[in-house]
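Taking it in order: structure first as structure tokens, then the write-up.
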Amino acid sequence: MDRKGQGLYPGYDVLALQDEWDAVTRQIVNKRLGPFQYKVCSHWEQTMIKTLAEHLTYDCRDEVLTWITAHVDQQLASPTGEAQRKPNTPPQRELIRGGLKMLDAWSKNQYGQAFLQLEQDQQFQIINSLQTGSLETIKGWDHSLQKDLFKKLVGLVIEAYYSHPWTWSEMGYGGPSYPRGYVRIGLGVTDPWEPKRGPSHA
Amino acid sequence: MHNCDHYNGERYPHMKNRKFVKQEVDAVVVGLGAAGGVLLSELAGAGFNVVGIEAGPFWNPQEDFASDELHARTLAWNDTRLSTGGDALQLGANNCGRGVGGGTVHFTGVFYRFHESDFRVRTLDGVAEDWPISYQDLEPYYAKVEKDIKVSGPKDFPWGSFHGPYPYPEREPISANSQIFRQGCEALGIRSTVAPLAILSAPFDGRPPCINRGFCNQGCLPNAKFSTLIHHIPRAIQAGAEVLSDSMVTRILVNRQGRVTGVEFNHDGKNYEQKAKIVIVSAFVIETPRLLLNSACPQYPDGLANSSGLVGKYVMPHSGHDVHGKFDQEIRLYKGTPVMAVSQDFYETDPGRGFVRGYSLNAHGSRPVAMASMLATNGGIWGKRLREIMLEWNHYARITVVGEVLPNVNNSVSLSDEKDEYGIPRAQVSFSYGENDQKLIAHGIETCNQIFEAAGGQRAFVVPDSAHLMGGCRMGHDPKESVITGFCQSHDIPNLFICDASVFVTSGGANPTETVMAIASRTAQHLIEQRGKLLSGTSRRSIH
């Protein structure tokens, strides 16, 4: 698989359908193409989030990773709640910002280098350990808090990644469809404008 | 998003034109979701002076909804709750609505009645508790609700006591995912039908039939899907009800005699009061107990309606595991109404299975963010594997198991030590599955996998999930063992009613919205019949 994308639907661009979308949806989706303003995250934090997002999404397209970073920043800046968290877990802004510092400190302890200076494999191993909460505890970041950090991070990153129209295109997702809706919804049929699988994979 | 602060036939951007500012109204309804919408509409229609107070906005679908999953988060109750326990629940968009219409704005529209057995679990299975009401008590209200909103469904529904026909014809065509489900069921001898849906199959009331856009959970743009926002609330306003939106009720007020006198609410940082002869709390499974507990006062130091100590107890979700199968052909889960085919062949207790009660199977479409997020956060799948799955996501089919969860007193909503923006303690929600729940889930997952295989697919993966919330203020005959009567009247305070999914005694194994609305309609009828007694302040607790 090409990490830069392609997918099973070569040539399909969901954005080319946007004249058929309602105005509100069109505006929301196009905003994800940038430019972005950051409210909370420092330049270093943005770079950390972008690097982590590259591992979590297995995608290295800068435009997509930038949107993900901007989305995380927006969420951390938002006064709206986070639906739920565990009683002893700090609010998401504290959790993520503190977590980025912890990962960097952990890298320096373990490898003598900042997280961003590590080889991709080393970064990947750290994220793997974070998921299972198996990094050695530093500065109070115990196993349970590590897992909480991973879950929050992966949640924010993945919801942004799968909201980017380029991701939709390579998945062959027909996308927003109001007011025209979908007409041919049964097995083996598609509307004429929907993506078709490329010949090499057919 | 503040579309309007109150609506009395006209939208105002402020609180200066309140209809009943000094007046004691007949009833105030706290929360305008599935139950609150029905109550407001039916009480106003019977001539009650009523005010509905809703914490969230008064939505305008054409401006506020979009065909986008992230944007649709605004429809959920996102205020932070503390979630704990062995199987800590996911809240927010998973099960809690905010804004006029509440959860009906983002529900899938699956519209099931409960079965007779659901109300008699203690008698039949020796576990949980019986409800103080029976299926027969609710039957006329199920029928009324279905007729009112023109539920579409099959001519022959094989399970439970109601076999159709539904007011509107079943949806046609059905999605590829639903076809695959039905093919697999047929090969195994499992009965399946097209889903009964609160989604139009033909025009009604100026609303068009469904266009299969697929965004039921993100808010319906063409208004083909029912919500109390577009059906009951306009009728309530037409009949004279007032709607106050963006207004968070923070406390129920109590007089020295121990009766409730109205509510205090916060709008844009300022506190207001609405006096009422009857207070009806319809704020759903978390906010209803939270409001009752937060309204503790010298007369009721443990919170209102809580002499039993059971406010906030016996909270139940449905287990809602999402089972995925992979197929050579494209399924395209994004197309069409998410749930278009179902089976309740595993609904009733079968002694041979090693557990009691059962589940519904809903063939269930999905969208990119929902599917990938579930895989990542609940399934722990990320990086290369997630990307590979999602690049082929058009080849996955999905069935959701809506499983009954037995009530357990330790599964609860309580007040935490942490405060929110209004200074109210945040709710703490604790939940763990029991042994019966786990066995039921395992059985449901295996059934889904067999259906996929019978339809020519392969087992792929299972994502643990939960759906819906019920319980927390259960009804019952015994004031020591329940919070309210079968008519949703507090055992302790005769002019306080609690009417929403929190009153459920058991969870059933079916999507609960129709039962919530039928209970609300029955409660409204009771209030209308008892209005003389209730409004003169002489009422005592009514039996059953």
Side-chain angles (χ1 to χ4, degrees), chain A residues 1 3 5-9 21-22 24-25 27-29 55-59 71 79-87 91 124 127 131 151 154-155 157-163 167-168 170-191 194-195 197, chain B residues 62-63 65-71 76-84 88-94 96 173-176 179-180 210-215 221-222 329-332 334-336 368-369 371-373 376-377 380 382-384 386-388 390-394 416 420 428-429:
Chain A
M1 188 177 62
R3 198 164 172 161
Q6 285 289 309
L8 307 178
Y9 301 84
W21 304 347
D22 65 277
V24 179
T25 301
Q27 193 191 15
I28 290 167
V29 175
H55 287 281
L56 294 171
T57 61
Y58 201 70
D59 193 326
H71 172 72
T80 308
E82 51 186 309
Q84 76 280 315
R85 67 177 143 80
K86 288 192 206 155
F124 178 80
I127 298 170
Q131 179 181 20
K151 211 168 164 177
V154 79
V157 165
I158 293 303
E159 71 187 20
Y161 183 63
Y162 287 95
S163 295
T167 314
W168 296 347
E170 63 179 13
M171 292 164 61
Y173 170 43
S177 187
Y178 179 71
R180 73 175 160 186
Y182 288 95
V183 179
R184 294 162 187 84
I185 61 170
L187 267 177
V189 293
T190 48
D191 285 329
E194 279 187 273
R197 275 194 67 156
Chain B
Q62 291 300 314
E63 288 172 14
F65 301 171
S67 301
D68 189 75
E69 291 175 273
L70 278 191
H71 180 76
W77 190 285
N78 290 311
D79 290 8
T80 303
R81 278 85 169 248
L82 304 180
S83 187
T84 183
L89 292 171
Q90 232 170 320
L91 304 165
N94 191 34
C96 300
I174 62 171
S175 63
Q179 280 180 289
I180 283 281
C210 179
I211 59 168
N212 280 316
R213 166 178 162 256
F215 283 87
L221 272 164
Q329 69 265 49
E330 288 180 324
I331 307 296
R332 300 199 187 223
Y334 61 88
K335 291 173 70 175
V369 174
M371 179 147 159
S373 296
T377 54
W382 54 278
K384 189 175 183 191
L386 178 62
R387 184 129 188 255
E388 283 170 350
M390 292 305 289
L391 282 174
E392 296 192 335
W393 85 305
N394 274 340
S416 73
D420 73 358
Q428 176 153 324
V429 185

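Predicted, not measured: the structure shown is a model, and the values here were computed from it. In what follows, every chain begins at residue 1, and chains take the letters A, B, ... in the order their sequences are listed.
- Among Gln62(B), Met371(B), Glu69(B), the residue making the largest number of heavy-atom pairs under 4.5 Å with chain A is Gln62(B).
- Note on Gly383(B), Ser416(B), Gly92(B): by heavy-atom pairs under 4.5 Å with chain A, the leading option is Gly383(B).
- Side-chain contact between Tyr161(A) and Leu386(B) is absent, with no heavy-atom pair separated by less than 4.5 Å.
- What you find for Ala66(B) and Val24(A) is that their closest heavy atoms are CB-CG1, 4.1 Å.
- When atom types are taken as modelled, the side chain of Gln131(A) and the backbone of Gly380(B) share a donor-acceptor pair closer than 3.5 angstrom.
- Nearest heavy atoms, Ser67(B) versus Tyr178(A): OG-CB, 3.9 Å.
- For Phe65(B), the part sitting under 4.5 Å from any heavy atom of chain A is the backbone (N, CA, C, O) and nothing else.
- Using a 4.5 Å cut-off between heavy atoms, Leu56(A) contacts chain B through both its backbone and its side chain.
- Counting only heavy atoms from C-beta outward, the side chains of Glu194(A) and Tyr334(B) approach each other to under 4.5 Å.
- Going from atom CG of Leu82(B) over to atom NZ of Lys86(A) covers 12.5 Å, rounded to the nearest 0.5 Å.
- Contact count versus chain B (heavy atoms, under 4.5 Å) is highest, among Val29(A), Ile127(A), Val183(A), for Ile127(A).
- The shortest distance between side-chain heavy atoms of Leu187(A) and Ile331(B) falls below 4.5 Å.
- Of the two parts of Pro179(A), only the backbone, made up of N, CA, C and O, holds a non-hydrogen atom closer than 4.5 Å to a non-hydrogen atom of chain B.
- With a threshold of 4.5 angstrom between heavy atoms, Trp21(A) does not approach chain B through any atom at all.
- Inter-residue side-chain proximity for Tyr162(A) and Ser373(B) is flagged as unmet; no heavy-atom pair is nearer than 4.5 Å.
- Nearest heavy atom pair, residue Leu70(B) against residue His71(A), reads CD1-CE1, 3.7 Å.
- Here the shortest heavy-atom pairing between Glu330(B) and Arg197(A) reads OE2-CG, 3.2 Å.
- Interface residue Leu221(B): backbone and side-chain heavy atoms are both found under 4.5 Å from chain A.
- Atom OG1 of Thr377(B) sits about 9.0 Å away from atom CD of Glu159(A), to the nearest 0.5 Å.
- At least one side-chain heavy atom of Arg387(B) sits under 4.5 Å from a side-chain heavy atom of Glu170(A).
- A distance of 3.5 Å separates CG in Asn212(B) from CD1 in Ile185(A), rounded to the nearest 0.5 Å.
- Within the 4.5 angstrom heavy-atom criterion, atoms from both the backbone and the side chain of Ala376(B) approach chain A.
- The candidate from Pro79(A), Gly175(A), Gly188(A), Ser163(A) with the greatest count of non-hydrogen atom pairs under 4.5 Å with chain B is Ser163(A).
- When each of Lys151(A), Arg180(A), Arg85(A) is checked for heavy-atom pairs under 4.5 Å with chain B, Arg85(A) comes out on top.
- Residues Glu82(A) and Thr80(B) are in side-chain contact: their nearest non-hydrogen atoms beyond the backbone lie under 4.5 Å apart.
- For Thr25(A), the side-chain hydrogen bond (donor to acceptor under 3.5 Å, both in side chains) partners two or more places apart in sequence, or in a different chain, are Asp22(A).
- Here Lys335(B) is the residue among Lys335(B), Arg213(B), Gln428(B) with the most heavy-atom pairs under 4.5 Å with chain A.
- Val157(A) places none of its side-chain heavy atoms less than 4.5 Å from the side chain of Trp382(B).
- Proximity of Thr190(A) to Arg332(B): side-chain heavy atoms (C-beta onward) are separated by under 4.5 Å at one or more points.
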